[in-house]
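Read the numbers this way: they start at 1 and go in the same order the structure lists the ligands and their atoms.
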Amino acid sequence: MRILALETSCDETAAAVVEKTQSHKPTVLSSVIASSSNLHAVSGGIIPEKAAREQLHYILPIIGQSLFESQNKLYTKDTSFAEINTILAKSIDAIAVTQGPGLIGSLLIGVETAKTLSYATNIPLIPVNHLLAHLYANFLTHDFATTPFPFIGLIVSGGHTDLLLFKDHGIFDWLGGTRDDAAGEALDKIGRILNLPYPGGPEIEREAMKSSNKIVFSRALIHSDDFDFSFSGLKTEVARFVQKQSTLHTQLRADICKAVQTSITSTLVTKTLKAAQTYNCKTIFLGGGVSANQALRDEFAEAITREGANTSIFFPDRTYTTDNAAMIGAYAVYNSETTPWQHVHANPSLYLTS
Ligand code: KG4
Ligand code: ZN
């Protein structure tokens, strides 16, 4: 089965062709992404109307390119719609699309395009929850010869921080999540306080590497007896700390970045391992943009070794941590229930229910 997958939940316009084969891992035949991130870097954060306009600009060429590349063909600006339609009709068995959560204007571009294609070609439609797809990026990276269930899933993205207990494909319990800012959101907002370019997460990671570890910030809810997180207090703590300094010299900024990163990673690691222990779960999946962070990956590995826990942890390949369409296709490979196009609607607040 070959799936054309579309992802337009925020400022990335992405399309991919993913194939379910006899082997354990789905094959990514193409994965194309256009981003309006540079536009938002100027304003220090995403402007939803601008993101939606860029989605509209990119969506058809990105679909054309992904279909062409899936056939090892070169897509150019002169490629005709007829050629794209032929590939779609001949080789694609289903169209998967991010239904939510995300920005309504951005989501609408992907969802309405997918519905139109489905209507015009009769190719069935698979609506996908963007958050769950972040975890399924692991199925593109690792070859699971045996089923990895149950696993604890930690979604750490720009808009969400959630812990789930996954029992089977599409079947899970929500254990907890952030009460305020998501981990990525906190990094992006703190990046702005520190005059770092948007998005703040990768910048803070780079700066933290130059730190001499002089500062410690608090770790909200790290020992609370639930699986919730809270990261907005950290932002306020950093803002107050910066206000008290006469200058924000290079070394000080690096030390602040390291302390911020450690505050967030240690809370994520502690709570996730606690969930694994509580539910006697030996497998952990991470997903979302923040899971690209090497310090987070290292801290998980060290904590598992330190505790002597017989736990396996999986991260997606970095290409598939931030928003992409291949992960949407991966989710659809394993959760391939289709929905008539008339019943598929963009839902900016689609949440986690199984
Ligand atoms: O999953 P994603 O691409 O988009 C959402 O679904 O929200 O995540 C974007 C988030 C941003 O907040 C960005 O700062 C963060 O992921 N991020 C990182 C790193 N790369 C991206 N955070 C920490 N370290 C990184 N290397
Ligand atoms: Zn995302």
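Atoms of ligand 1 lying under 4.0 Å from any heavy atom of Gly159, numbered from 1 in the order shown and given with element: 7 (O). Listed by number with element, the atoms of ligand 1 under 4.0 Å from a non-hydrogen atom of Glu205 are 24 (N), 25 (C), 26 (N). Close contacts between ligand 1 and Pro202 involve ligand atoms 14 (O), 17 (N), 18 (C), 19 (C), 20 (N), 21 (C), 25 (C), 26 (N) [criterion: under 4.0 Å to a heavy atom]. Atoms of ligand 1 found under 4.0 Å from any heavy atom of His130, numbered from 1 in the order shown, are 6 (O). Every atom of ligand 1 is numbered from 1 in the order shown, and the set under 4.0 Å from a heavy atom of Gly184 is 12 (O). Which parts of ligand 1 touch Pro199 is read off a 4.0 Å heavy-atom cut-off, strictly below it: atoms 14 (O). Remark: ligand 1 atoms within the under-4.0 Å shell around heavy atoms of Asn293 are 23 (C), 24 (N), 26 (N).
The one candidate from Thr265, Thr311, Leu154, Thr305 that meets the side-chain contact (heavy atoms from CB on, under 4.5 Å) condition with Phe300 is Leu154. When each of Tyr331, Phe151, Phe139 is paired with His169, the ring-ring contact (aromatic ring centres under 6.0 Å, His included) condition holds for Phe139 and for no other. A side-chain contact (heavy atoms from CB on, under 4.5 Å) with Gln99 holds for exactly one of Ile126, Thr339, Leu350; it is Leu350. Only one option out of Phe149, Tyr334, Phe314, Tyr136 pairs with Phe144 in a ring-ring contact (aromatic ring centres under 6.0 Å, His included); it is Phe314.
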query: What's the verdict on salt bridge (Lys or Arg N to Asp or Glu O under 4.0 Å) for Glu207 and Lys210, showing C-alpha distance, side-chain angles and the deciding distance?
result: CA-CA 6 Å; Glu207 289 292 313; Lys210 303 176 223 157; 3.1 Å; yes

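When all heavy atoms are compared, the tightest approach of Gln294 to Glu205 is N-OE2, 2.7 Å. Scanning both residues, Pro316 and Gly287, for their nearest heavy atoms gives CG-CA, 4.2 Å. The minimum heavy-atom distance linking Ile328 with Ala133 is given by the pair CD1-CB, 3.6 Å. Nearest heavy-atom pair, Leu131 versus Ser157, reported as atom, atom and distance to 0.1 Å: CD2-OG, 4.5 Å.
Distances between N or O atoms of Gly288 and those of ligand 1 include no value under 3.5 Å. Geometrically, ligand 1 and Leu187 share no nitrogen or oxygen pair separated by less than 3.5 Å. In terms of polar-atom proximity, Ala292 is not counted as a contact of ligand 1, lacking any N or O under 3.5 Å from an N or O of the ligand. Not a single N or O atom of Glu12, backbone or side chain, sits closer than 3.5 Å to an N or O atom of ligand 1. Geometrically, ligand 1 and His134 share a nitrogen or oxygen pair separated by less than 3.5 Å.
The name of the N, O or S atom in Asp323 nearest to the Zn ion (ligand 2) is OD1. The name of the N, O or S atom in His130 nearest to the Zn ion (ligand 2) is NE2. When you scan the N, O or S atoms of His134 for the one nearest the Zn ion (ligand 2), you land on NE2.
When hydrogens are left out, the protein atom nearest atom 22 (N) of ligand 1 is Gly201 CA, 3.4 Å; that is the closest non-hydrogen contact. Among all protein heavy atoms, the one lying closest to atom 17 (N) of ligand 1 is Gly289 O, 3.5 Å. With hydrogens left out, the protein atom closest to atom 3 (O) of ligand 1 is Asp323 N, 3.0 Å, a heavy atom. Annotation: atom 14 (O) of ligand 1 to nearest protein heavy atom, Asp188 OD1, 2.7 Å. Looking only at heavy atoms of the protein, atom 10 (C) of ligand 1 is closest to Gly158 N, 3.5 Å.
Ser230 and Asp180 are linked by a side-chain donor-acceptor pair at a separation below 3.5 angstrom, with hydrogens and angles left out of the test.
Salt bridge Lys167/Asp173: present, at least one basic N to carboxylate O contact under 4.0 Å. Taking 4.0 Å as the cut-off between side-chain N and carboxylate O, Glu49 and Arg53 do not count as a salt-bridged pair. With salt bridges taken as basic N to acidic carboxylate O contacts below 4.0 Å, none links Lys20 and Asp93.
Residue side and main chain included, Cys10 places no N/O/S atom under 2.8 Å of the Zn ion (ligand 2).
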